[in-house]
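The block underneath contains the structure these notes are about, expressed in structure tokens.
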There are 2 protein chains.
Amino acid sequence: MFEVLFQKLDEKIKLTEEERQLCKSFFTPKKLRKRQYILQEGDVCKYIAFVEKGMLRSYTIDDKDSEHIIQFAFEGWWISDHFSFLTGEPAVYTIDALEDSELLLLSRQAEEQLLQKIPKFEKYFRILLQNSLIATQRRLIGSLSQTAEERYNDLITGCPTIPQRVPQHMMASFLGITPETLSRIRRQVASTR
Amino acid sequence: MFEVLFQKLDEKIKLTEEERQLCKSFFTPKKLRKRQYILQEGDVCKYIAFVEKGMLRSYTIDDKDSEHIIQFAFEGWWISDHFSFLTGEPAVYTIDALEDSELLLLSRQAEEQLLQKIPKFEKYFRILLQNSLIATQRRLIGSLSQTAEERYNDLITGCPTIPQRVPQHMMASFLGITPETLSRIRRQVASTR
DNA sequence: TCACTCTCTTGACATACATCAATACTTTCC
DNA sequence: GGAAAGTATTGATGTATGTCAAGAGAGTGA
């Protein structure tokens, strides 16, 4: 159950066997069925979640009832509503599973203790945050300066397996375009090679 | 020279008088003339900068030579190319002053020592990062789901003094639209009230 | 003081993308 | 196994925003 987590941790910080065992005790395993929520807009986000298996997404719903996907989270990724988790304010994002999934949950209290017992995690979480910020800034610049087709190509290049796992209309939502437009872009791209 | 910094720090973490004095020793004051760079794309970002006075911006230049402003930094804000600062890779952003400015610079080494001597700063920097991430995500959603007019209104509401300090074409760049479009939006907004 | 650059505005036209509507195909589930 | 829901495609049309071009003030520097 902890294979993917430890593999990911190994890339950034080195843990002793003892620390690993200790570390395990702070996480709560949880299985999710496809379409099941772990967070709904308006609730307080009690956990940050590490994806051991499966796949989730976070999204908002605007006043015109359309969804905007903030993030997909595959195996090895973290997902949560940071702001709600940190402040205890109601969440603005909804998070649900796109496939049957296995998660490792970390509560606020568990996080605090983890940081206290194994301070290396300070560094680990800082790196995570920084990477999220950098990725989000990139996406922002893209959405301000690129065409839908360019953004689609970048997405596919960065994550070639995504079309096999995510319905097309959700990729459209992630890219900030309509499903119709994405369909036309794909036809266009396919015919040009 | 440290008034604004300490004021801002007070909002998040409490420092003793002793810690304040120690803290001061890690920062390097620097004055900048309007239009002067503190970072150019391709150079390594050696410092994170706190703005005591004045105003800066960070931006990228795309292949079609147009600028995209990532951030404005007024008094009390931080600015840098996090990724470059952290990794030592060449910066993707350029940072320059929009007004004569006074900065407090923190080098990588100074930051490390600061964190070591006054660990409260771990928390402070984590909060900063989280706030940046949240703000960037908001902007991303806006750019994917709102019209230029809505984004402009949100910008003005969130920062009503900005039109007095930033040339209109830079606000346009920040919003991801052309100066012509912003001009038309402003005419439109002005006539409807 | 005059030239020069910077900044903003306005118009005519072009284009990327959204919207609405119809159809077909696939998956889910009682 | 059949109804229902979800998913993708395609066409016709609308609209927000970009592009190009011209001109007018305001600020800046020799």
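All heavy atoms count here, side chains included; hydrogens, waters and symmetry mates do not. Labels below follow one simple rule: chain letters A, B, ... track the order of the sequence lines, proteins then strands, and each chain is numbered from 1.
Taken residue by residue, residues 156-164 of chain A places no heavy atom nearer than 4.0 Å to DNA chain C.
The hydrophobic cluster containing B:Ile134 also includes A:Phe83, under a criterion of side-chain heavy atoms closer than 4.5 Å among ILVMFWY residues, counted directly or through chains of members. Here A:Val44 sits alone; no ILVMFWY side chain lies under 4.5 Å from its own, so it joins no hydrophobic cluster.
In this structure, the side chain to side chain contact (heavy atoms under 4.5 Å, CB included) partners of A:Ala73, at least two apart in sequence or on a different chain, are A:Val51, A:Gln71, A:Trp77, A:Ile79. Under the ring pair (Phe, Tyr, Trp, His ring centres under 6.0 Å) criterion, B:Phe72 pairs with B:Phe174, not counting sequence neighbours. A:Thr181 is linked by a side-chain hydrogen bond (donor to acceptor under 3.5 Å, both in side chains) to A:Thr178, counting only residues two or more places apart in sequence or in another chain. Under the ring pair (Phe, Tyr, Trp, His ring centres under 6.0 Å) criterion, B:Tyr47 pairs with no residue, sequence neighbours left out.
Counting only residues at least two apart or in different chains, salt bridge (Lys or Arg N to Asp or Glu O under 4.0 Å) contacts with residues 33-53 of chain A are absent. Pairs passing the side-chain hydrogen bond (donor to acceptor under 3.5 Å, both in side chains) check and including a residue from residues 129-141 of chain B, sequence neighbours excluded, read A:Tyr93-B:Gln137.
A salt bridge is absent between A:Arg186 and A:Glu149: the closest approach of a Lys/Arg side-chain nitrogen to an acidic carboxylate oxygen does not fall below 4.0 angstrom. A salt bridge links A:Arg165 with A:Glu99: the distance from a Lys NZ or Arg NE/NH1/NH2 to an Asp or Glu carboxylate oxygen falls below 4.0 Å. Salt-bridge check for B:Glu19 with B:Lys117: failed, with every basic side-chain N at 4.0 Å or more from each acidic carboxylate O.
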Using a 4.0 Å cut-off on protein heavy atoms (strictly under), produce a 5'-to-3' string for nucleotides 25-30 of chain C with B for base contact, S for backbone-only sugar-phosphate contact, and - for none. ------
Once each nucleotide of nucleotides 7-19 of chain C is scored for protein heavy atoms under 4.0 Å, what B/S/- sequence comes out, 5' to 3'? SSSBBB----SSB
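Axis angle across the helix from C:dT1-D:dA30 to C:dC30-D:dG1, with five pairs used at each end and values rounded to 10°: 50°.
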For a salt bridge (charged side-chain N to carboxylate O under 4.0 Å, His left out) check, start with the C-alpha distance between B:Asp96 and B:Arg57, then their side-chain angles and the critical distance, and finish with the verdict. CA-CA 6 Å; B:Asp96 62 13; B:Arg57 64 168 175 165; 2.9 Å; yes
